[in-house]
Amino acid sequence: MERTYISSLKDLIGKKVRIRGRVDTLRDQGKIVFLILRDITGKVQTVSWSGGNIEVFNSVKSLTAESVVDISGLVKEAKQVSTGYEVEIEEINIDSVSKTPLPIVIEQEYSKNISNLDKRLDYRWVDLRSQRNNLMMRVATVMGNRLREYCVKNNFVEIQGPRIISAASEGGANVFEVKYFDRKAYLAQSPQFHKQMGIAADLDRVFNMGPVFRAEKSFTTRHLTEYTSFDVEMGYIDSLRDVCKFEQEMIKFVLSGIKEKYGDEIKEIFGIEIKIPQGDFPYISVKDIKEKLTKAGVPSKDDGDFSPEEERALSEIMEKETGCEFVFVYDYPHKKRAFYHMKDSQNPQLALGYDLFWKGIEITTGAQREHRVDKLKENAKERGIELESLSDYFEYFEYGCPPHGGFAMGTERFLMKLLEYGSILETTYLPNTPNRLGKLINVKKVK
Ligand code: AMO
């Protein structure tokens, strides 16, 4: 018999079904045992009693919570159950027995003492079984699909830039070096150079979704050493605003897809109402937002960048003023940005780049790129970059390259903000950080 998912049972009252999943809870009442079975679509009460098949009854009684079982039985109306039905167990196969107790507490509903994050991440495969995390992973799937779908319907081509590369794109300090036969290579911090290559290759508009690596010793709630970047590059733009407009519409498309599919569940499980922004996102210069921050009494250490405190405050201020949770900030000093950002021709101290903030953190960086190779080399020289080290990259612009721009969004950060998790580690399937490679590693050993 084929497996039926639990969510379909409501239409199958009076029918025999086969359901597979995990023992959520077992309530042994002596002559009758209630087994709450859980699969990815929900939970159902199943029941066995001593007056029925005694072998089945004894098997059910012997089970532990979180064991994996394969049950066949009859779906029966049951007025006393909240769903209105239950499954009377006729056969049971025990696929896998779980040890007890579980190494971590994963659900608030069972205990207020949910295990601490490090311990939960050590047992991530158990942690991901919680309702919240299970939903988070399903939402992440829709997010990825919608990001792709939006690009594809706007005539983008998907690329997969190489992850082992010969030169760092985002600055030398936070790059992982790897041995590549008898020479040095690097793990890509971003597909930056190779998405720009797609423009020089006449793919017109490209996107790339995949892992990137940052050798950054940041122990924060927003940094990973490996994350999934959603990268976009668009040819033939007129200005940076084209890039921002594209991104804002893409975000609306992603949010509406998530709301449509999981809005109700997100509301029930996370208590969050997904808001779809209307109209254009506010767009404000660094100078103007710094002024607002000063007025609000938020200290600034750096004219061209924002501290986490400033990021939180700038989001709050702009949301209060405009009603929009998202805000584009532009006109950063060029020296604070990547060398490949184009300089503003009116004021070459400034870069034609932006950051997008959402609920207090930066989720995206974007820019118009310098496609004129002489100027690009000048920018690199100003930063003290050895031109020879980027010779492959410079060549992309030597055989004609359209004006272009693009951005990259950290998908784990997006999900973290969407579902209001306190840490990016929670919205990463198996997070790597300076002191965590799957499991916790000794921090002292991380030099
Ligand atoms: P940037 O370095 O700002 O820009 O990264 C873009 C976005 O990636 C996310 N992000 C991170 N997420 C988790 N852990 C990290 N350590 C981390 N670092 C960055 C953030 C950030 O906004 N090539 C440019 C983009 C471009 O111009 O197209 C770049 O990589 O959400």
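For ligands, and for the atoms within them, numbers begin at 1 and follow the listed sequence.
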K.L.:
With a 4.0 Å cut-off on heavy atoms, does His223 reach ligand 1?
P.N.:
yes
K.L.:
A quick test of your reading: do over 12 heavy atoms of other residues, nucleotides or ligands sit less than 6.0 Å from CG of Leu387?
P.N.:
yes
K.L.:
Looking only at distances, please establish whether an N/O atom of ligand 1 is found under 3.5 Å from an N/O atom of Val232.
P.N.:
no
K.L.:
How about Glu388: does its CD atom have over 12 heavy atoms from other parts shown lying under 6.0 Å from it?
P.N.:
no
K.L.:
Verify, without hydrogens or angle tests, whether Glu319 (side chain) and Lys359 (backbone) share a donor-acceptor contact under 3.5 angstrom.
P.N.:
no
K.L.:
Quick one: is the NZ or CZ of Arg337 closer than 6.0 Å to the six-membered ring centre of Tyr332, and within 45° of its axis?
P.N.:
yes
K.L.:
Could you identify the single nearest non-hydrogen protein atom to atom 22 (O) of ligand 1 and state the distance to 0.1 Å?
P.N.:
Glu362 OE2, 2.5 Å
K.L.:
Side chain, backbone, both or neither: which part of Arg413 has a heavy atom under 4.0 Å from ligand 1?
P.N.:
side chain
K.L.:
Taking a cutoff of less than 4.0 Å between a non-hydrogen atom of the residue and any ligand atom, is Glu233 in contact with ligand 1?
P.N.:
no
K.L.:
Under a 4.0 Å heavy-atom limit, does Arg369 contact ligand 1 with its side chain, its backbone, both, or neither?
P.N.:
side chain
K.L.:
Just jot down the ligand 1 atoms closer than 4.0 angstrom to any heavy atom of Ser190, in number order.
P.N.:
23 (N), 30 (O)
K.L.:
Measure from NZ or CZ of Lys290 to the centre of the six-membered ring of Phe306 and say whether it is under 6.0 Å with the direction within 45° of the ring axis.
P.N.:
yes
K.L.:
Might you confirm whether atom NZ of Lys335 has over 12 heavy atoms from other residues, nucleotides or ligands at distances under 6.0 Å?
P.N.:
no
K.L.:
Check each heavy atom of Glu216 against ligand 1 and say whether those closer than 4.0 Å belong to the side chain, the backbone, both or neither.
P.N.:
side chain
K.L.:
Given the rule in the side chain to side chain donor-acceptor pair (under 3.5 Å) test, do Asn133 and Tyr421 qualify, once you have shown the distances and angles that lead to the verdict?
P.N.:
CA-CA 10 Å; Asn133 287 343; Tyr421 275 93; 2.8 Å; yes
K.L.:
For ligand 1, which atoms, with element, lie under 4.0 Å from some heavy atom of Arg222?
P.N.:
13 (C), 14 (N)
K.L.:
Can you tell which of Ala188, Ala408, Ser229, Pro431 gets a heavy atom nearest to atom 7 (C) of ligand 1?
P.N.:
Ala408
K.L.:
Could you tell me which atoms of ligand 1, counted from 1 in the order shown, lie closer than 4.0 angstrom to a heavy atom of Thr364?
P.N.:
22 (O)
K.L.:
For Leu352, which of His341, Lys343, Gln368 qualifies under side chain to side chain contact (heavy atoms under 4.5 Å, CB included)?
P.N.:
Gln368
K.L.:
Could you list the atoms of ligand 1 found under 4.0 angstrom from a heavy atom of Gly410?
P.N.:
7 (C), 8 (O), 9 (C), 31 (O)
K.L.:
Below 3.5 Å, N or O to N or O, backbone or side chain included: is there any such pair between His341 and ligand 1?
P.N.:
no
K.L.:
With a 4.0 Å heavy-atom cut-off (strictly under), which part of Thr365 contacts ligand 1: side chain, backbone, both or neither?
P.N.:
both
K.L.:
Considering Tyr340, Phe407, Phe414, Tyr227, which one's heavy-atom position lies nearest to atom 8 (O) of ligand 1?
P.N.:
Tyr227
K.L.:
Less than 3.5 Å between some nitrogen or oxygen of Ile363 and one of ligand 1, yes or no?
P.N.:
yes
K.L.:
Does the cation-pi check pass for Lys267 over Tyr262, that is, NZ or CZ under 6.0 Å from the six-membered ring centre and within 45° of its axis?
P.N.:
no
K.L.:
I want to check a possible cation-pi pair here: Arg241 against Phe328, using under 6.0 Å from ring centre and within 45° of the ring axis as the test.
P.N.:
no
K.L.:
Could you verify whether a donor N or O on one side chain and an acceptor N or O on the other, from Gln248 and Tyr283, lie under 3.5 Å apart?
P.N.:
no
K.L.:
For the 3.5 Å polar cut-off, considering only N or O atoms, please tell me whether Lys195 and ligand 1 meet it.
P.N.:
yes
K.L.:
Is it the side chain (CB and beyond), the backbone, both or neither of Gln189 that lies under 4.0 Å from ligand 1, heavy atoms counted?
P.N.:
neither
K.L.:
Can you tell me the protein heavy atom closest to atom 23 (N) of ligand 1 and the distance?
P.N.:
Gln192 OE1, 2.7 Å
K.L.:
Return yes when atom NZ of Lys261 has more than 12 non-hydrogen atoms of other residues, nucleotides or ligands closer than 6.0 Å, and no otherwise.
P.N.:
no
K.L.:
Using distance alone, determine whether Leu224 and ligand 1 share an N or O pair under 3.5 Å.
P.N.:
yes
K.L.:
Which residue supplies the protein heavy atom nearest to atom 29 (C) of ligand 1, what is that atom called, and how far is it?
P.N.:
Glu170 OE1, 3.7 Å
K.L.:
Could you see which bit of Ile424 sits under 4.0 Å from ligand 1, with heavy atoms only: side chain, backbone, both or neither?
P.N.:
side chain
K.L.:
Say whether Tyr150 and Glu249, considering side chains only, have a donor N or O and an acceptor N or O under 3.5 Å apart.
P.N.:
no
K.L.:
Examine Arg146 relative to Phe253 and say whether NZ or CZ is less than 6.0 Å from the centre of the six-membered ring and inside a 45° cone about the ring axis.
P.N.:
yes
K.L.:
How does Arg214 reach ligand 1, by side chain, by backbone, by both or by neither, if only non-hydrogen atoms under 4.0 Å count?
P.N.:
side chain
